[in-house]
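Just so you know, these numbers come straight off a predicted model, no measurement behind them. The analysis underlying the following values was restricted to heavy atoms, covering all of them including side chains, and did not include hydrogens, waters or symmetry mates.
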Amino acid sequence: MLEVVALSALTAFLTAAGNGAAGEMGKQLLLSTGALVGRTLGRETPLPAGPDGLEALAGQVYARIGDDPRRAAEWASLVRSAPQRDGVALAPGTLPPAPRNFTDRERAVRRLRREATRPAAGRPRCAQLSGPPGIGTTAVALHAGAVLHPRFPDGQFYVDLRDAAGENGPEPAAVLHRLLREMGVEHDRIPPTEAARERLYRRLTAGRRVLVVIDHASSVAQVRGLVPSTPDVFLLVVVSGRPFALDALPVPVPPLSDRHALKLLRKVAGRERIARVKDQVPALLTRCAGNAFALRAAALRLVTEGVLPADPAAGPTTTATAGPAAGGPGGHPVRETTRSACAGLAPETARLCRLTALGGWPAIDAQLAAAAAGVEPAAAARMLTEAVDAQLLEPLPDGRHRFRPEVRRCLADAAGPEHGIAECSAAVTRVLDALLNRVLHAAHAALPQSWRTESAPESGTPCRDEAEGVAVLAAEVRNVVRAVLVAEEYQHIDTALRLARALWPLQLKAGYWDEVLPALRVAARTADEHRPRSRMAGALHFQLAHCLGELGREEEADRAADAAVACERAAGHTRGEASSVELQGLLSMGRWSYAAAYERFTEAESIYRGITSGQDEAVDLPRALALVRRHQGRALRGLGRTGEALPLLEAATAFFEEQGEPYNQARALTDLAEALHEAGENTEALAKIAVAERLLTPAAIPHQMYLAALRLRCEAVA
């Protein structure tokens, strides 16, 4: 049996288990692995940090099982049944189509082609495209991708960071998460930590011919971990604005020459239309200054309206166009195009665009635009269509819209002088209220019986069921993260805190930890400043601790969990205090500190039992006690005290069966089956597995796969 568990196999298995504990079943495998490590070495062994520690642990285990055939058989069974993470197949690619009317840029494309095809000579293939907003950096990247398509048969992957909720864009770990998802890696198979994600990215691309395009990057930190380590991977970073200090081939995208600008106008509008307005073309070329977005917008206006946009500087000066940026030599083509487009719209449509631009929302729909402008949704939908036609908005595949960053900034800058501070502030407040109403309905539908979610508002549109609630939260997550930042800036403190708290079902049920983390950081800090030692502060620190724990940021998670306990205790919120202590136990158990975990679970049970039957908190006390007993049983498994674990796990299983909670019953049955397997009761364990499999829905694929692997382990020794 020993030859099956070679040292290399043990090292690979422990590394995969330690780095890949994403999702409920990843954590289940990690728990079982830690328990077996403890039984093998005869002592509690904390989970090592990093690959070197895991490699050393593998050596210790290997040395011990050489003298213990029964333990070697256990390890062989566990290693054979584990999911093979290295077998992930890359998706075909997600690079959007190249623009049809691409013009010029031969020099930039030629430089990219040379970088992609040069002898590797030990240097990574990496280029950074940069240029001012609207100049066409994205178009160059997409065109180059189309030209170079045959060179990258294993995939062309595109991640656009433009929709990030914060001004600084997503963290590097979140960029890696988005790229891995684009590459076809399932959520449950993406490791929680940045370092492990980078290793998976490199493992997936090793020996493959791949193009990776990161658009609208805002810092070198976001892309430094993506620089290729193999010669056939080409990283193309696109920056709208000034380049940053990335060790890559710099490829600036200059303005179009007048000859190529005229060529672009003719491609978009047609030669006959351009010939009809040839007297106006020289002035237009001067105003557009070779900016591809401005030129294309002018050509489309000629197509739709039969006229070229007027020079904003030639008309009467208004509050919306006053200042040095309003045309002339000091103007910016995108801003001038934006002002000209607004001038050509109906006043109410231009007003809606300016007020909607104020919040910096990643995506808007008719309801949010209606809230910003204080109009009916049907009217807002019509105005959004007009704004799309005027090139002020871009439609998204899900029916929503977004602004180009520079267009949004221009509109937002004009909103104050045009409409006044009071109206602008009111518009932002209305959008915040609309978003809060939407996500409160969604959160309540997603977790209808949880005390961690508010009751659904009386007004607004309720969600039909749990699935729709989670879907709405997922669709709005970037807007909500942005809204937390905006609400804090506008000093709408309660709104900021309630928005962040409404994200709980999304992080609990859908694993959107990278996405919600920025909002939780801001909300927890804001609660400490404005609602210190309150229930709300405790709840937000709890969410933050949970999120950080899932992302493998252990020290930060511990601090947040400690803060949650302190806040809930100070607020006299017994249920919240017990739940936060329970979370401390879960964090300890995730790093194989089973004794500390058991102590926290025991403490949590004691606090729960301090709730009397007359208190509101007593409503879900039996369920809370069942959950904490299950966790106690899991911790005892890790300590090798299987005989004590079994009755606790059996009690939890019986409770969830009685309550009609099939998913929680299946989770408890899985724990019970593992404990029975460890106790040598494999026939009984197989019976529990069969019941758990029947309880799970077809959508619970990771859990079903885990049970199938557990069945193999039991059958190997049954």
**Asked** Hey, does Arg402 have a side-chain heavy atom less than 4.5 Å from the side chain of Pro362?
**Response** no
**Asked** Can any side-chain N or O of Arg296 pair as donor or acceptor with the backbone N or O of Val268 at less than 3.5 Å?
**Response** no
**Prompt:** For the ring pair His187 and Trp513, is the centre-to-centre distance below 6.0 Å?
**Reply:** yes
**Prompt:** Does a salt bridge link Arg351 with Glu348, judged by any charged N lying under 4.0 Å from a carboxylate O?
**Reply:** no
**Message:** If you count every heavy atom of other residues, nucleotides or ligands that lies below 6.0 Å from Lys263 atom NZ, does the total exceed 12?
**Reply:** no
**Request:** Test Val281 against Asp279 for side chain to side chain contact (heavy atoms under 4.5 Å, CB included), laying out the working first.
**Result:** CA-CA 6 Å; Val281 169; Asp279 293 342; over 6 Å; no
**Request:** Verify, without hydrogens or angle tests, whether Arg105 (side chain) and Pro254 (backbone) share a donor-acceptor contact under 3.5 angstrom.
**Result:** yes
**Request:** Answer whether the closest heavy-atom distance between the side chains of Tyr158 and Asp215 falls below 4.5 Å.
**Result:** yes
**Asked** Given Leu285 and Leu295, is the side chain to side chain contact (heavy atoms under 4.5 Å, CB included) satisfied, shown in steps?
**Response** CA-CA 8 Å; Leu285 295 178; Leu295 289 161; 4.0 Å; yes
**Asked** Is the number of heavy atoms from other residues, nucleotides or ligands within 6.0 Å of CD (Glu376) greater than 12?
**Response** no
**Item:** Separation of His143 NE2 from Thr138 OG1 (nearest 0.5 Å)
**Value:** 14.5 Å
**pair Leu302-Leu265: side-chain heavy atoms closer than 4.5 Å** = no
**Prompt:** Are Arg224 and Asp247 ion-paired here, with the side-chain N under 4.0 Å from a carboxylate O?
**Reply:** no
**Asked** Ala387 and Cys353: which non-hydrogen atoms are nearest, and at how many Å?
**Response** CB-SG, 3.5 Å
**Request:** Go through Glu106 and Arg110 one step at a time and tell me if the salt bridge (Lys or Arg N to Asp or Glu O under 4.0 Å) criterion holds.
**Result:** CA-CA 6 Å; Glu106 287 91 349; Arg110 190 163 55 246; over 6 Å; no
**Message:** What verdict does the side chain to side chain contact (heavy atoms under 4.5 Å, CB included) test give for Phe157 and Val213, after you've listed the backbone C-alpha separation in whole Å, the side-chain angles of each residue and the deciding distance to 0.1 Å?
**Reply:** CA-CA 6 Å; Phe157 303 101; Val213 179; over 6 Å; no
**Message:** With no hydrogens and no angle check, just 3.5 Å: does a side-chain donor-acceptor pair link Ser340 and Arg301?
**Reply:** yes
**Asked** Just wondering, do Arg266 and Glu272 contact through their side chains at under 4.5 Å, heavy atoms?
**Response** no
**Message:** Check Arg400 with Glu394, please: is the shortest side-chain N to carboxylate O separation under 4.0 Å?
**Reply:** no
**Message:** Strictly distance-based, threshold 3.5 Å: is any side-chain N or O of Arg430 a donor or acceptor partner for the main-chain N or O of Ala371?
**Reply:** yes
**Message:** Could you report the tightest heavy-atom contact between Arg181 and Val185, atom names first, then the distance?
**Reply:** NH1-O, 2.7 Å
**Item:** Val239 side chain reached by Phe244 side chain, heavy atoms, under 4.5 Å
**Value:** yes
**Request:** Before giving the answer on salt bridge (Lys or Arg N to Asp or Glu O under 4.0 Å), spell out for Arg498 and Glu454 the whole-Å C-alpha distance, their side-chain angles and the decisive distance to 0.1 Å.
**Result:** CA-CA 9 Å; Arg498 294 170 71 194; Glu454 291 188 37; 2.9 Å; yes
**Item:** Crowding at CZ, Arg107 (>12 non-hydrogen neighbours, <6.0 Å)
**Value:** no
**Request:** Measure across Gly145 and Leu95 and return the closest heavy-atom pair with its distance rounded to 0.1 Å.
**Result:** CA-CD2, 3.7 Å
**Prompt:** Of all heavy-atom pairs between Leu436 and Leu499, which one has the smallest distance, and what is that distance?
**Reply:** CA-CD2, 3.7 Å
**Asked** Do Glu489 side-chain atoms and Leu485 backbone N/O form a donor-acceptor pair below 3.5 Å?
**Response** no
**Asked** Short question: side chain of Thr337, backbone of Pro333 - any donor-acceptor pair under 3.5 Å?
**Response** yes
**Prompt:** Hey, what do you get for OG1 (Thr526) to CD (Glu488), rounding to the nearest 0.5 Å?
**Reply:** 4.0 Å
**Prompt:** Could you go step by step and tell me if Phe102 and Leu142 meet the side chain to side chain contact (heavy atoms under 4.5 Å, CB included) rule?
**Reply:** CA-CA 10 Å; Phe102 187 80; Leu142 297 181; over 6 Å; no
**Prompt:** To the nearest 0.5 Å, how far apart are CG in Leu148 and OG1 in Thr117?
**Reply:** 7.5 Å
**Message:** Minimum heavy-atom separation for Pro228 and Leu235, please, with both atom names.
**Reply:** CD-CB, 3.8 Å
**Message:** Under a 3.5 Å cutoff, is there a donor and acceptor pairing between the side chains of His419 and Arg354?
**Reply:** yes
**Prompt:** Do you see a donor-acceptor pair shorter than 3.5 Å between the side chains of His441 and Thr461?
**Reply:** no
**Request:** With rounding to the nearest 0.5 Å, note down the distance linking CZ in Arg276 to CG in Leu308.
**Result:** 10.5 Å
**Asked** Any side-chain heavy atom of Thr304 within less than 4.5 Å of one from Asp389?
**Response** no
**Request:** In plain terms, say whether Arg438 and Asp433 are close enough for a salt bridge, that is, a side-chain N and a carboxylate O under 4.0 Å apart.
**Result:** no
**Request:** Could you tell me whether the side chain of Leu236 reaches within less than 4.5 Å of the side chain of Leu129, counting heavy atoms only?
**Result:** yes
**Request:** Say whether, by atom type as modelled, one donor and one acceptor occur between the side chain of Gln222 and the main chain of Pro170 under 3.5 angstrom.
**Result:** yes
**Complete:** Rounding to 0.5 Å, atoms OG1 (Thr453) and CH2 (Trp504) come to a distance of 11.0 Å
**Request:** State whether Glu182 and Arg178 are salt-bridged, where the test is any N-O pair (Lys NZ or Arg NE/NH1/NH2 against Asp/Glu carboxylate O) under 4.0 Å.
**Result:** no
**Request:** Measure from the side-chain N and O atoms of Asn437 to the backbone N and O of Ser459, and report whether any donor-acceptor pair falls under 3.5 Å.
**Result:** yes
**Request:** Mind checking the CG-OG1 spacing from Leu393 to Thr356? Nearest 0.5 Å is all I need.
**Result:** 8.0 Å
**Message:** Could you report the tightest heavy-atom contact between Val303 and Ala269, atom names first, then the distance?
**Reply:** CG2-CA, 3.6 Å
**Request:** Mark yes or no for whether Asn479, through its side chain, and Ala363, through its backbone, hold a donor-acceptor pair below 3.5 Å.
**Result:** yes
**Request:** Ignoring hydrogens and angles, tell me if any N or O in the side chain of Glu115 forms a donor-acceptor pair with the backbone of Cys126 under 3.5 Å.
**Result:** yes
**Asked** Val238 versus Gln128: any side-chain heavy-atom pair under 4.5 Å?
**Response** no
**Prompt:** Within the distance-only criterion (no hydrogens, no angle test), does the side chain of Arg404 pair as donor or acceptor with the backbone N or O of Phe293 below 3.5 angstrom?
**Reply:** no
